[in-house]
Amino acid sequence: LAASLVLLLSVASFMRFYAVNVDTPVGVHTSVNLPDGSGVEVNASTSLRYHPYWWFLSRKVELEGEAFFTVEKGRKFRVVSALGTTEVLGTTFNVFARGENYQVSCHTGSVRVSAAAKDFSVILSPNEQAKLEDSGDLMVSPLDSPAQAPGWTRNLIMFSSAPLRLVFDEIERQYGIVIETPAEMQQVYSGNFSLDQSVENILSLLCLPFDLTYERQTGNSYLVYPSED
């Protein structure tokens, strides 16, 4: 009996704590099928973790980076990151959780988004997004470009009033390069690019309206600086 109990506890412990880790490097997107048939499109430079043998008791995914989820109906589904948690029953949504930036967009169904630092949550309807403010509150607004899936899942990178340095950060992730920029960049950018074109073409289009110049350094490193220099 004691041996059977030990075996049972060992199996339960294995089921509870065994995890699958998915880590996508820069420049790579991948697809993940979860145990219940839910699907995840994982963006570049993203880490995702879940417990397959415990899945039907707790549908929980830990995320650092960005991913688009298509969730099958069932018990509560949670995506947990350092800055917040997103809860759904069955829907499609995108979670962006990188560093101090946290943003969730709902594309179908509805989702509940909770801020980790405050006892506060909002419910998003289709074509709405929630962004974590510096105050720790969640700001809800309409999606700028409503669609069934975010641009990056369709090989596009799209920006709306985004700080220019964050735009360069995303280009770095998608192309596996390093971009050195001026220390202080106050500009914001709205627009989109197709990832089918070369990074040099994207940098040329991006630098032009801000009177910036770029040049390639050694390897995959690029330097961006004001044109007057």
Side-chain angles (χ1 to χ4, degrees), residues 22-32 38-50 60-71 77-88 91-118 120-176 188-193 195:
V22 179
D23 297 297
T24 56
V26 293
V28 175
H29 298 176
T30 191
S31 298
V32 176
S38 297
V40 190
E41 296 294 324
V42 187
N43 203 349
S45 188
T46 294
S47 297
L48 181 148
R49 175 184 173 92
Y50 65 95
K60 174 185 173 183
V61 174
E62 299 170 36
L63 176 73
E64 170 60 32
E66 184 173 18
F68 179 72
F69 295 82
T70 301
V71 178
F77 185 108
R78 292 184 298 155
V79 179
V80 179
S81 66
L83 295 178
T85 299
T86 303
E87 299 179 358
V88 301
T91 186
T92 58
F93 61 98
N94 191 77
V95 178
F96 180 95
R98 296 189 188 278
E100 298 300 315
N101 297 296
Y102 182 65
Q103 187 167 334
V104 178
S105 59
C106 179
H107 296 264
T108 62
S110 62
V111 301
R112 180 189 299 274
V113 184
S114 303
K118 291 189 175 182
F120 175 74
S121 65
V122 297
I123 295 178
L124 300 181
S125 298
N127 298 322
E128 289 185 332
Q129 60 185 348
K131 183 178 180 180
L132 187 66
E133 302 288 294
D134 292 340
S135 63
D137 295 322
L138 291 164
M139 178 66 69
V140 177
S141 63
L143 284 176
D144 296 307
S145 302
Q148 291 297 101
W152 65 267
T153 65
R154 293 173 281 124
N155 230 28
L156 298 171
I157 45 178
M158 308 174 71
F159 307 95
S160 176
S161 300
L164 194 54
R165 180 59 247 185
L166 292 184
V167 177
F168 285 121
D169 288 345
E170 187 63 28
I171 294 172
E172 286 181 328
R173 280 190 288 269
Q174 299 300 331
Y175 285 92
V188 295
Y189 177 79
S190 296
N192 59 78
F193 301 107
L195 294 175

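Every heavy atom of this structure was used, including side-chain atoms; hydrogens, water molecules and symmetry mates were not.
By the 30° and 60° cut-offs, the orientation of the rings of F69 relative to F77 is perpendicular.
For the pair F159/L166, no side-chain contact is recorded, criterion being any heavy-atom separation below 4.5 Å from C-beta on. The closest side-chain heavy-atom distance from S47 to E62 is not below 4.5 Å.
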Step-by-step side chain to side chain contact (heavy atoms under 4.5 Å, CB included) determination, V113 to Y102 = CA-CA 10 Å; V113 184; Y102 182 65; 3.9 Å; yes
Tell me, with the steps shown, if L48 and V40 meet side chain to side chain contact (heavy atoms under 4.5 Å, CB included).
-> CA-CA 10 Å; L48 181 148; V40 190; 3.7 Å; yes
Apply side chain to side chain contact (heavy atoms under 4.5 Å, CB included) to E66 and R98, showing your working.
-> CA-CA 7 Å; E66 184 173 18; R98 296 189 188 278; 3.9 Å; yes
Assess whether side chain to side chain contact (heavy atoms under 4.5 Å, CB included) is satisfied between Y175 and L195, documenting all intermediate values.
-> CA-CA 9 Å; Y175 285 92; L195 294 175; 3.7 Å; yes
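Here D169 pairs with R165 in a salt bridge; the nearest charged N to carboxylate O distance falls below 4.0 Å.
Across all their heavy atoms, G136 and A115 have their closest contact at O-CB, 3.7 Å. Here the closest heavy-atom approach between residue S161 and residue S190 is recorded as N-OG, 2.7 Å. Residues L124 and A130 share a closest heavy-atom pair of CD1-N, 3.8 Å. Minimum interatomic distance between D144 and S160 (heavy atoms only, all atoms of both residues): OD2-OG, 2.8 Å. Considering all non-hydrogen atoms of both residues, V26 and E172 come closest at CB-O, 4.3 Å. Minimum heavy-atom separation, L143 to C106: CD1-O, 3.9 Å.
Results of the side-chain contact (heavy atoms from CB on, under 4.5 Å) test with V104 over V95, V122, V79, V140 single out V95 as the only residue that passes. Remark: of the listed residues E87, R112, E128, R112 is the sole one forming a side-chain contact (heavy atoms from CB on, under 4.5 Å) with I123.
Separating the OG atom in S105 from the NZ atom in K131 is a distance of 13.0 Å, to the nearest 0.5 Å. Taking CG of L138 as the start and CD of E133 as the end, the distance is 8.5 Å to the nearest 0.5 Å. In this structure, CZ on R154 lies 9.0 Å from CG on N192, to the nearest 0.5 angstrom. Rounding to the nearest 0.5 angstrom, the gap separating the CD atom in E170 from the CH2 atom in W152 is 9.5 Å. The structure places OG of S141 at 7.0 Å from CD of Q103, a figure rounded to the nearest 0.5 Å. For the atom pair F96 CZ and L83 CG, the distance stands at 11.0 Å (nearest 0.5 Å).
Judged purely by atom type and a 3.5 angstrom limit, S125 has no side-chain atom pairing as donor or acceptor with the backbone of S110. T24 contributes a side-chain N or O that, together with a main-chain N or O of T46, makes up a donor-acceptor pair within less than 3.5 Å.
For K118, the salt bridge (Lys or Arg N to Asp or Glu O under 4.0 Å) partners two or more places apart in sequence, or in a different chain, are D137.
Side-chain atoms of Q174 and N43 include a donor-acceptor pair closer than 3.5 Å.
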